[in-house]
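Read through the structure below, which is laid out as structure tokens, and then see the notes.
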Amino acid sequence: MTSQLILRKSDFFSSSEQAVNVAERYPQDVFAEHTHEFCELVIVWRGNGLHVLNDRPYRITRGDLFYIRAQDCHSYTSVNDLVLQNVIYCPERLKLNLDWKALIPGFEEGLFQPYWRLGSGGMNPVRQIITQIEQESRSAGAFSFSLTESLFAQLLITLHRYRFAVDSGPVTSSETLLDKLITALVGNLERTFVLEQFCHENQCNERALRQQFRQQTGMSVNNYLRQLRICHAQYLLRHTDYMISEVATRCGFEDSNYFSVVFTRETQMTPSQWRQRHPIT
Ligand code: RM4
Ligand code: NI
């Protein structure tokens with residue numbers, strides 16, 4: 001899909017020397033499909049929304065991390081108290097002699113993983129560095145741009161240290177229960193998920209965890225899980241030729257009829273209609 005909207009460097013950076021800047025979104029509103037003349041890191045702190053990245057839908061919430069390249073096309077819809085930070089940067093303006101490609105997935109041509117989760121341990125350090133970048137990028141002092149760039153490098157290294165791919169699980173076991181729960185939900189789409197069992201295994205109070213989840217993400221655990229499954233179904237319908245029943249199973253629905261009912265209710269289209277309207281790419 002081609003998008004008309006291209007966000008310009010001149011609107012988001014203070015000068016042609018500035019390599020890094022922060023566009024905080026408290027909250028992030030709906031935002032039409034666009035590409036950019038710059039790249040961005042997206043770190044989601046709370047609330048939820050639908051992030052469509054290169055035609056793939058992601059129901060995003062706390063701890064989600066995306067590496068977006070300039071040419072990537074994305075949009076935000078159905079947002080609900082969505083709080084995130086965009087750290088935007090122009091690769092060609094970076095001056096420090098660092099191995100940027102080892103730190104930034106997609107920095108060079110080729111297949112890469114744009115979507116990661118940020119472990120709880122990394123949240124405070126990341127927040128602090130972004131605050132420093134915000135302050136420094138507003139300052140006009142000598143070496144401000146260099147300082148901002150070195151903070152950006154720190155941010156990338158910190159993200160690198162604490163991030164993990166959803167299918168590989170956290171790097172450390174110090175996840176808070178809430179983040180552990182979110183990761184367990186995202187990583188278990190093919191199976192049925194029983195919260196009671198999760199709470200039993202982690203020896204925590206189910207009611208309290210549900211409450212905390214709702215407070216931080218703006219949705220219920222069940223609703224989030226349903227949205228994740230539907231997003232995954234949309235992805236599979238579009239990018240594979242699995243039969244509908246196979247899609248249902250891979251999205252954690254034991255009963256393919258029930259899957260169709262839920263899918264249709266959520267998207268106003270049956271799975272086959274969805275597939276027809278969004279041909280395999
Ligand atoms: C928008 C939206 C976009 C980002 C710009 C800088 O609010 O978050 O993704 O490219 O800001
Ligand atoms: Ni963008």
Side-chain angles (χ1 to χ4, degrees), residues 1-94 100 103-109 112-118 123 126-127 129-139 144-145 148-149 151-152 155-156 159 163 216-219 227 231 235:
M1 214 177 280
T2 47
S3 115
Q4 257 101 60
L5 185 59
I6 303 176
L7 305 187
R8 304 284 171 196
K9 282 179 200 163
S10 52
D11 293 325
F12 289 88
F13 294 86
S14 64
S15 89
S16 59
E17 294 289 296
Q18 191 179 33
V20 180
N21 203 359
V22 182
E24 96 273 0
R25 299 288 180 251
Y26 312 119
Q28 168 73 55
D29 247 325
V30 292
F31 204 95
E33 202 170 70
H34 62 278
T35 59
H36 332 72
E37 290 178 343
F38 48 84
C39 303
E40 61 191 35
L41 301 175
V42 179
I43 300 141
V44 185
W45 297 116
R46 54 169 289 155
N48 71 87
L50 186 67
H51 181 210
V52 182
L53 172 61
N54 298 328
D55 290 334
R56 178 167 188 164
Y58 296 87
R59 173 58 57 173
I60 53 171
T61 192
R62 177 190 163 89
D64 287 334
L65 162 67
F66 289 87
Y67 293 84
I68 314 276
R69 300 164 302 180
Q71 72 271 24
D72 289 328
C73 182
H74 69 157
S75 66
Y76 296 95
T77 56
S78 332
V79 298
N80 175 14
D81 182 29
L82 180 61
V83 176
L84 56 78
Q85 278 174 316
N86 282 299
V87 180
I88 57 177
Y89 63 98
C90 302
E92 74 288 357
R93 292 181 184 172
L94 296 168
W100 298 105
L103 291 172
I104 308 178
F107 195 79
E108 285 192 333
E109 292 279 303
F112 79 106
Q113 156 83 271
Y115 170 55
W116 300 79
R117 295 238 349 120
L118 175 63
M123 289 189 184
V126 163
R127 243 188 249 272
I129 301 171
I130 296 180
T131 307
Q132 281 178 279
I133 296 179
E134 275 178 316
Q135 286 163 358
E136 201 52 47
S137 60
R138 276 191 228 115
S139 137
S144 273
F145 287 153
T148 305
E149 189 179 331
L151 287 165
F152 179 60
L155 173 65
L156 291 168
L159 288 173
R163 76 181 184 199
Q216 287 292 316
T217 71
M219 43 188 175
Q227 302 292 335
C231 284
Y235 171 75

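Note that ligands are numbered from 1 as they come in the structure, with each ligand's atoms numbered from 1 the same way.
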Just give me the atom name: the N, O or S atom of His74 closest to the Ni ion (ligand 2). NE2

Which N, O or S atom of Glu40 lies nearest to the Ni ion (ligand 2), by name: OE2

[atom] - nearest protein heavy atom and its distance:
atom	value
atom 3 (C) of ligand 1	His34 NE2, 3.2 Å
atom 8 (O) of ligand 1	Gln28 OE1, 2.8 Å
atom 4 (C) of ligand 1	Glu40 OE1, 3.1 Å
atom 7 (O) of ligand 1	Arg25 NE, 2.5 Å
atom 6 (C) of ligand 1	Phe12 CE2, 3.5 Å

To the nearest 0.5 Å, what is the distance between CD1 on Ile60 and CD on Gln28?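 If we round to the nearest 0.5 Å, Ile60:CD1 and Gln28:CD are 7.5 Å apart.
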
Inter-residue atom distance Ile130.CD1 - Ile43.CD1, 0.5 Å rounding: 3.5 Å

Checking the N or O distance criterion of under 3.5 Å, is ligand 1 in contact with His74?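 Looking only at distances, the answer is yes, because the N/O contact criterion of under 3.5 Å is met.
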
Between Leu84 and ligand 1, which part of the residue brings a heavy atom under 4.0 Å of the ligand: side chain, backbone, both or neither? neither

Flag this pair as yes if the NZ/CZ of Arg93 is under 6.0 angstrom from the six-membered ring centre of Phe13 and inside a 45 degree cone about the axis; otherwise no.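 The answer is yes, since Arg93 meets both limits relative to Phe13.
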
For the pair [X] and [Y], name the ring-plane relationship: parallel under 30°, tilted 30 to 60°, perpendicular over 60°.
X	Y	result
Phe152	Tyr89	tilted
His36	His34	perpendicular
Tyr67	Trp116	perpendicular

Glu136 and Ser144 side chains, donor-acceptor separation under 3.5 Å: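 Glu136 and Ser144 do have a side-chain donor-acceptor pair below 3.5 Å.
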
Under 3.5 Å, is there a donor-acceptor pair linking the side chains of Glu40 and His74? yes

Which atoms from ligand 1 have a heavy atom of [X] less than 4.0 Å away?
X	value
His36	10 (O)
Leu7	4 (C), 5 (C), 10 (O)
Tyr76	8 (O), 9 (O)
Asn86	8 (O), 11 (O)

Please assess Phe12 against Phe38 for the test ring-ring contact (aromatic ring centres under 6.0 Å, His included), listing each intermediate value before the final yes or no. CA-CA 9 Å; Phe12 289 88; Phe38 48 84; 5.3 Å; yes

